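Read the structure below first, then the notes.
Index from 1, following the sequence. Since the model is a prediction, treat every value here as computed from it, not as a measurement.
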Amino acid sequence: VGNLKSEKLGFKKLWHILIVDDNKVNLLVAKKMVKKFGADVTTVESGQEAIDLVKMNDYDMVLMDIQMPELDGHETTRLLRKMNFMKPIVALSANAYGEDIQNSLDSGMNDHIQKPFTEKQLFERVNKFFE
């Protein structure tokens, strides 16, 4: 019973993470997981909302859906990079062929996580940027 705590996936400090996804269920699942890791989480449903919030707030990371109407994740990432947002941007996408991953990296993203993901997968991929 005493070692259950060590199994808990948690960040070493409070990180501020923005999650961008036009699907409410995906947003809820990702938000629940990331909050469980101990992060302060903000969610938005569009690339434009993400850009507006990044202008006004200091986020440590953005978790970005790729397929969104109007501004997709790649275009949103390019715009964020042009605004000198240099913190990690990680794609959350159902598409994970080599070409999809390369497109994410080419647009300025730092990593690509395939949906659906487990809590452990998400934690490991996100936490590596904070170690």
Side-chain angles (χ1 to χ4, degrees):
V1 178
N3 65 359
L4 278 177
K5 266 290 191 220
S6 63
E7 291 299 306
K8 186 176 178 284
L9 302 172
F11 297 136
K12 289 182 175 73
K13 65 172 264 197
L14 180 67
W15 298 107
H16 301 281
I17 298 178
L18 176 63
I19 305 175
V20 188
D21 198 317
D22 63 321
N23 179 304
K24 286 183 185 342
V25 174
N26 290 345
L27 264 184
L28 192 67
V29 169
K31 179 180 182 177
K32 197 172 174 183
M33 285 184 190
V34 176
K35 276 183 87 93
K36 200 171 171 183
F37 305 151
D40 177 44
V41 179
T42 303
T43 60
V44 292
E45 294 180 29
S46 76
Q48 187 58 56
E49 286 177 286
I51 289 166
D52 294 343
L53 279 181
V54 166
K55 285 177 185 170
M56 298 181 297
N57 299 283
D58 186 26
Y59 296 103
D60 297 301
M61 173 180 281
V62 178
L63 297 177
M64 180 81 68
D65 181 33
I66 299 296
Q67 294 183 312
M68 296 183 290
E70 293 157 44
L71 273 181
D72 71 15
H74 294 138
E75 192 54 34
T76 302
T77 298
R78 283 187 202 90
L79 292 167
L80 288 172
R81 294 304 189 206
K82 279 185 186 155
M83 291 164 43
N84 287 323
F85 180 82
M86 290 300 135
K87 305 233 174 99
I89 301 176
V90 177
L92 299 179
S93 176
N95 303 329
Y97 292 107
E99 182 183 343
D100 298 308
I101 295 167
Q102 193 57 53
N103 286 340
S104 294
L105 298 174
D106 289 347
S107 71
M109 293 182 180
N110 302 83
D111 202 351
H112 187 106
I113 301 171
Q114 182 178 3
K115 294 180 198 172
F117 42 78
T118 66
E119 208 168 90
K120 188 174 190 304
Q121 287 169 326
L122 182 65
F123 178 78
E124 287 172 354
R125 298 293 280 281
V126 168
N127 195 49
K128 74 178 184 183
F129 292 102
F130 296 144
E131 292 188 315

F11 and F123 aromatic ring geometry - parallel, tilted or perpendicular at 30°/60° bounds:
parallel
Looking at every heavy atom in both [X] and [Y], which two are closest together, and how far apart are they?
X: P88; Y: N110; result: CA-OD1, 3.1 Å
X: D22; Y: P69; result: OD2-CD, 3.3 Å
X: T77; Y: S107; result: CG2-O, 3.3 Å
X: M109; Y: G73; result: CE-O, 3.4 Å
X: A91; Y: I66; result: CB-CD1, 3.7 Å
X: S104; Y: H112; result: OG-ND1, 2.8 Å

Quick one: do D65 and V20 satisfy side-chain contact (heavy atoms from CB on, under 4.5 Å)? Show the steps, please.
CA-CA 6 Å; D65 181 33; V20 188; 5.6 Å; no
To the nearest 0.5 angstrom, please state how far the [atom1] atom of [X] sits from the [atom2] atom of [Y].
X: L122; Y: L63; atom1: CG; atom2: CG; result: 6.5 Å
X: R125; Y: I113; atom1: CZ; atom2: CD1; result: 5.5 Å
X: M83; Y: R78; atom1: CE; atom2: CZ; result: 15.5 Å
X: D60; Y: L18; atom1: CG; atom2: CG; result: 11.0 Å
X: T76; Y: E70; atom1: OG1; atom2: CD; result: 10.0 Å
X: E75; Y: L80; atom1: CD; atom2: CG; result: 10.5 Å

Is [X] linked to [Y] within one hydrophobic cluster, defined over Ile, Leu, Val, Met, Phe, Trp and Tyr using a side-chain heavy-atom separation of less than 4.5 Å?
X: I19; Y: V54; result: no
X: L92; Y: V62; result: no
X: F85; Y: F129; result: no
X: F117; Y: M61; result: yes
X: Y59; Y: M64; result: yes

Check this for me, if you would: do K115 and D21 make a salt bridge, where the nitrogen-to-carboxylate-oxygen distance has to be below 4.0 angstrom?
yes
Side-chain ion pair, K120 and E124, N-O less than 4.0 Å:
yes
For E45, does its backbone N or O pair with a side-chain atom of E49 as donor and acceptor, under 3.5 Å?
yes
L71 versus I51: any side-chain heavy-atom pair under 4.5 Å?
yes
Just list the side-chain donor-acceptor pairs under 3.5 Å for residues 26-42, sequence neighbours left out, or say none.
residue, atom, partner, partner atom, Å
K36, NZ, E119, OE1, 3.4
K36, NZ, E119, OE2, 3.3
D40, OD2, H16, ND1, 2.8

Give me the other members of the hydrophobic cluster that I101 sits in, counting Ile, Leu, Val, Met, Phe, Trp and Tyr linked by side-chain heavy atoms under 4.5 Å, directly or via other members.
L105
